[in-house]
Structure formats: structure tokens, C-alpha cells
Amino acid sequence: MDCKEVEKKIPSFLDEELDGKGLSEFVQHIEGCPECMEELSIQFLVTEGMERLEQGNNFNLQDALHRKLGSAEDKIRLNRTLRHILLALECMVAVAIVMALLIVSM
């Protein structure tokens, strides 16, 4: 994912609309690209910051943004774990089918 794609996806990330591979690629790029991280920080400040200021809430932009990125990384890890579990289950089903066919053919 290049910088232009990432910049287009920032609003989707902030609205928590990214998932799967798109979320993973987005976070990976953001963590390695200072320019995109700065753009994310700016857009986060504008959207989240204005809302919180209107509500009269104080907040630390960097902490809030890092929590959001941390939450995205947790979601990515969970998705990977679930994919591995699904693959393991599919393998077990395939083995069970082969064993059943061998038993039936005896």
C-alpha cells in the first residue's frame, strides 16, 4: 500500500471501517511512514479532537491515537489467530473424511 492509498483510507480507519488485509496493510504502512503517521495524527486531531473539545473533554492526542492503533493491532492478531484455527479445523475435517473413506472401503 502506498502513501496515496493510505491517505485515502485514513477516514475509514478512524471510523473503524477497515478490517482484514486492508487494516493490516494500513497499520504496517503507518508504522513505517512518518509522513502518513503525521497525516493520520492531523486527521485524528481534526475529527476526534474537535468532537472532544465540543464536549468539553480534555485528552492527549498521542495517547488516544496510539490506543486506536494498538486496538487495530489487537484486531489484526485476533484475525490471524482465527484464520489459523480455521485452517487447522479444515485440515482435521479433511483427515476425518479420508479416514472415513478408508474405513468404508475396507
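The residues of the chain are indexed from 1 along the displayed sequence.
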Quiz item: Once you round to the nearest 0.5 Å, how far does CD1 of Ile103 lie from CE of Met106?
Solution: 7.5 Å
Quiz item: If only atom types and distance count, is the side chain of His84 paired as donor or acceptor with the main-chain N or O of Arg80 below 3.5 Å?
Solution: yes
Quiz item: Per the side-chain contact (heavy atoms from CB on, under 4.5 Å) rule, which among Ile85, Thr81, Asn79 passes with Arg83?
Solution: Asn79
Practice problem: For residues Pro11 and Glu17, determine if any side-chain heavy atom of one lies less than 4.5 Å from a side-chain heavy atom of the other. | Solution: no
Exercise. Compare every heavy atom of Ile10 with every heavy atom of Cys36, then report the nearest pair and how far apart it is.
Key: O-CD1, 4.3 Å
Quiz item: What distance do Met1 atom CE and Ile30 atom CD1 have between them, rounded to the nearest 0.5 Å?
Solution: 9.5 Å
Quiz item: Could you give the distance from CD (Gln43) to CD (Glu39), rounded to the nearest 0.5 Å?
Solution: 4.5 Å
Practice problem: List the steps and the verdict of side-chain contact (heavy atoms from CB on, under 4.5 Å) for Glu35 and Cys3. | Solution: CA-CA 8 Å; Glu35 292 85 11; Cys3 292; 5.6 Å; no
Quiz item: For Leu23 and Lys75, which heavy atoms make the closest approach, and how far apart are they?
Solution: CD2-CD, 3.8 Å
Exercise. Spell out, as yes or no, whether a donor-acceptor pair under 3.5 Å connects the side chain of Glu5 to the backbone of Asp2.
Key: yes
Practice problem: May I ask you to test the Val98-Leu102 pair for a side-chain heavy-atom distance under 4.5 Å? | Solution: yes
Quiz item: Heavy-atom distance under 4.5 Å between the side chains of Glu16 and Ser71, does that happen here?
Solution: no
Self-check item: Nearest-0.5 Å distance, NZ of residue Lys68 to CD of residue Glu48
Solution: 6.5 Å
Practice problem: Drop me the distance from Leu14's CG to Leu40's CG, to the nearest 0.5 angstrom. | Solution: 5.5 Å
Practice problem: To the nearest 0.5 Å, tell me how far Met99 CE sits from Leu101 CG. | Solution: 11.5 Å
